[in-house]
**Student:** 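This structure is in structure tokens; I'll ask about it shortly.
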There are 2 protein chains.
Amino acid sequence: MNDVTRPSGTRAIARDAVRARISEVAVELFDEQGFDSVTIEQIAAAVGVSPRSVHRYFPAKEDTVIGDPAGWGEHVRDQLVARPSEEPIWEALLASYEALLAAPGRNQAQGKKAMRVLGSAPALRARNFEKHLLWASMLTPVVAERLEGDHRELRAETIVQASLACFDIALTAWAEADAADSAVDLLRRSFGALQPTT
Amino acid sequence: MNDVTRPSGTRAIARDAVRARISEVAVELFDEQGFDSVTIEQIAAAVGVSPRSVHRYFPAKEDTVIGDPAGWGEHVRDQLVARPSEEPIWEALLASYEALLAAPGRNQAQGKKAMRVLGSAPALRARNFEKHLLWASMLTPVVAERLEGDHRELRAETIVQASLACFDIALTAWAEADAADSAVDLLRRSFGALQPTT
DNA sequence: GCCATAAGTGGCAGAGACTGACAGAACGGG
DNA sequence: CCCGTTCTGTCAGTCTCTGCCACTTATGGC
């Protein structure tokens, strides 16, 4: 996951570290006190930087939890493109998301806490949806390519959004459940509830 | 358009009228200048009320465009409950949304402008998604009631979210299209791209 | 018709998120 | 070691949103 930026430098490393630290502290505080009652000032004080710097790393308060949408979105898209073209689209999408869940750099415990916090505040869930829209714009062209018949664009959009909804539902259920089911199992189950028409 | 506030029940009438007027003016301004560059103060001045009052009618700036989520959500749920129980769930959901589109009080032209504005700003799209979450929480129990087999809750959640995605996609496409297709046609087409497994 | 009550409104003060500008500190390359 | 780049903190400011209080006005009981 660490795309150690080529420009050999202590600076880039330090920046990533500070960024990760802010995110970590923020999620911790949100989990304890609730998203709304934690101020940027508190986060900054806990980390040991100025409030201005927190805003430099994360444009919006919600981004401290969401992370970098574009990076993971590209990951999913690349997985999807790599799937064999004769594979049904729904299975290809499922496999792509599974690959994301299995990707390195996804700390299970911390990821679960982040998901739990993410579900606690409407503002966060809404911001998370923005990420989904970004992913949708990346995935829809790939899906449309594979479809046949009329209205490919609209159908592709529908299928992609539905798959993202499955992804979101599975992760939400996983974060709330008592660890009885794995995220992958929930994802497969959610995908199993729908089927694109041919 | 300007209702004289003469008869009995002046307060309730005036309240609804002011609320509608604020929403109308706000959407108009957002469409002209963009959501972010219009301030509450401008809206208040254009309507002829104080900024404080605008916030009294609409807790958040985005709500001037979104409207009242709970009211329409109940409308959809009531429609769904009223559908015959032997009807396939996917058809029942489609019929419920169709009834919403045909409901009185949905001005076609103004609705289209609102949808266009709604798609223009991330903050608005996010807020719209919160409406979807509210609707989902109302519809999921009804859908779960109709399902059979295992994992009813998760499957119901998946089906409801997918249907809401269809609803959103159809309206977005309708607002952007050159009026070639009606909203109902687009909705049916989007629903047609998916099918819940039995 | 008169008056007490409740509802609605406006103005004020303040918290909090976010932004731009600028000066100083830390770091990396030469 | 020096200089330019990068990062950071401070300051000032905008805007959304929320209590609070005083004032106006419609409503209902008499």
Side-chain angles (χ1 to χ4, degrees), chain A residues 4-23 25-27 29-30 33-66 117 121-128 130, chain B residues 3-23 25-27 29-30 33-66 117 120-128 130:
Chain A
V4 182
T5 40
R6 282 295 159 273
S8 60
T10 316
R11 289 209 133 109
I13 297 176
R15 198 176 42 187
D16 288 350
V18 171
R19 187 183 165 86
R21 181 95 185 101
I22 292 174
S23 180
V25 168
V27 170
L29 287 175
F30 293 156
Q33 309 175 27
F35 180 75
D36 287 331
S37 38
V38 177
T39 66
I40 295 286
E41 205 173 351
Q42 288 178 32
I43 300 171
V47 176
V49 296
S50 72
R52 188 67 184 84
S53 283
V54 174
H55 276 123
R56 258 192 272 264
Y57 281 98
F58 299 97
K61 191 180 172 184
E62 295 89 356
D63 295 332
T64 57
V65 182
I66 306 291
V117 170
L124 279 172
R125 297 200 67 162
R127 195 75 166 200
N128 190 47
E130 282 296 306
Chain B
D3 290 354
V4 186
T5 63
R6 199 178 327 95
S8 63
T10 308
R11 289 210 141 110
I13 295 175
R15 200 182 151 74
D16 289 349
V18 171
R19 189 184 165 85
R21 182 93 186 101
I22 292 174
S23 181
V25 168
V27 170
L29 288 174
F30 293 157
Q33 310 174 27
F35 180 75
D36 288 331
S37 41
V38 177
T39 66
I40 297 284
E41 204 173 352
Q42 289 178 32
I43 300 171
V47 175
V49 296
S50 72
R52 188 68 185 85
S53 283
V54 174
H55 277 123
R56 255 191 273 265
Y57 281 97
F58 299 97
K61 190 180 173 185
E62 295 88 5
D63 294 332
T64 57
V65 182
I66 306 291
V117 170
S120 66
L124 280 172
R125 284 198 300 267
R127 195 74 167 197
N128 189 48
E130 290 186 40

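Just so you know, these numbers use all the heavy atoms, side chains as well, and skip hydrogens, waters and symmetry mates. Proteins get letters first, then strands, A, B, ... in listed order; numbering begins at 1 in each.
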**Student:** Starting at atom CD of B:Glu62, determine the distance to atom C1' of C:dA17, rounded to an integer number of angstrom.
**Tutor:** 13 Å
**Student:** What closest approach, in Å, do A:Val117 and A:Val27 show between heavy atoms, and which atom pair accounts for it?
**Tutor:** CG2-O, 3.9 Å
**Student:** Using whole Å, report how far CD1 of B:Ile43 lies from P of C:dG10.
**Tutor:** 15 Å
**Student:** Of all residues at least two apart in sequence or in a different chain, which pass the ring-ring contact (aromatic ring centres under 6.0 Å, His included) check with A:Tyr57?
**Tutor:** none
**Student:** May I ask you to decide if A:Thr64's main-chain N or O and A:Ser23's side chain share a donor-acceptor pair within less than 3.5 Å?
**Tutor:** yes
**Student:** Taking only distance into account, with no hydrogens and no angle test, what donor-acceptor pairs under 3.5 Å do side-chain atoms of residues 41-48 of chain A form with protein atoms, sequence neighbours excluded?
**Tutor:**
none

**Student:** How bent is the helix from C:dG1-D:dC30 to C:dG30-D:dC1, measuring the angle between the end axes built from five pairs each, rounded to 10°?
**Tutor:** 20°
**Student:** If you take all heavy atoms of B:Ala60 and B:Arg127, which pair is closest and at what distance?
**Tutor:** CB-NH2, 3.3 Å
**Student:** I need a per-nucleotide contact map over nucleotides 4-15 of chain D, read 5' to 3'. Cutoff is protein heavy atoms under 4.0 Å; write B for the base, S for backbone only, - otherwise.
**Tutor:** -BBSBBB----S
**Student:** Which residues pass the side chain to side chain contact (heavy atoms under 4.5 Å, CB included) test with A:Ala14, sequence neighbours left out?
**Tutor:** none
**Student:** Return the value, rounded to whole Å, for the distance between atom NE2 of B:His55 and atom P of C:dA13.
**Tutor:** 18 Å
**Student:** I need the CD1-P distance between B:Ile13 and D:dA26, as an integer number of Å.
**Tutor:** 13 Å
**Student:** Grab the two heavy atoms, one from A:Pro59 and one from A:Asp63, that are nearest each other, plus how far apart they are.
**Tutor:** CD-OD2, 3.7 Å
**Student:** For B:Arg125, give me all partners under side chain to side chain contact (heavy atoms under 4.5 Å, CB included), at least two apart in sequence or on another chain.
**Tutor:** A:Glu130, A:Leu133, B:Pro122
**Student:** Remember a base hit wins even if backbone is also touched, and classify A:Ala14 as base, sugar-phosphate or nothing at under 4.0 Å, heavy atoms.
**Tutor:** nothing
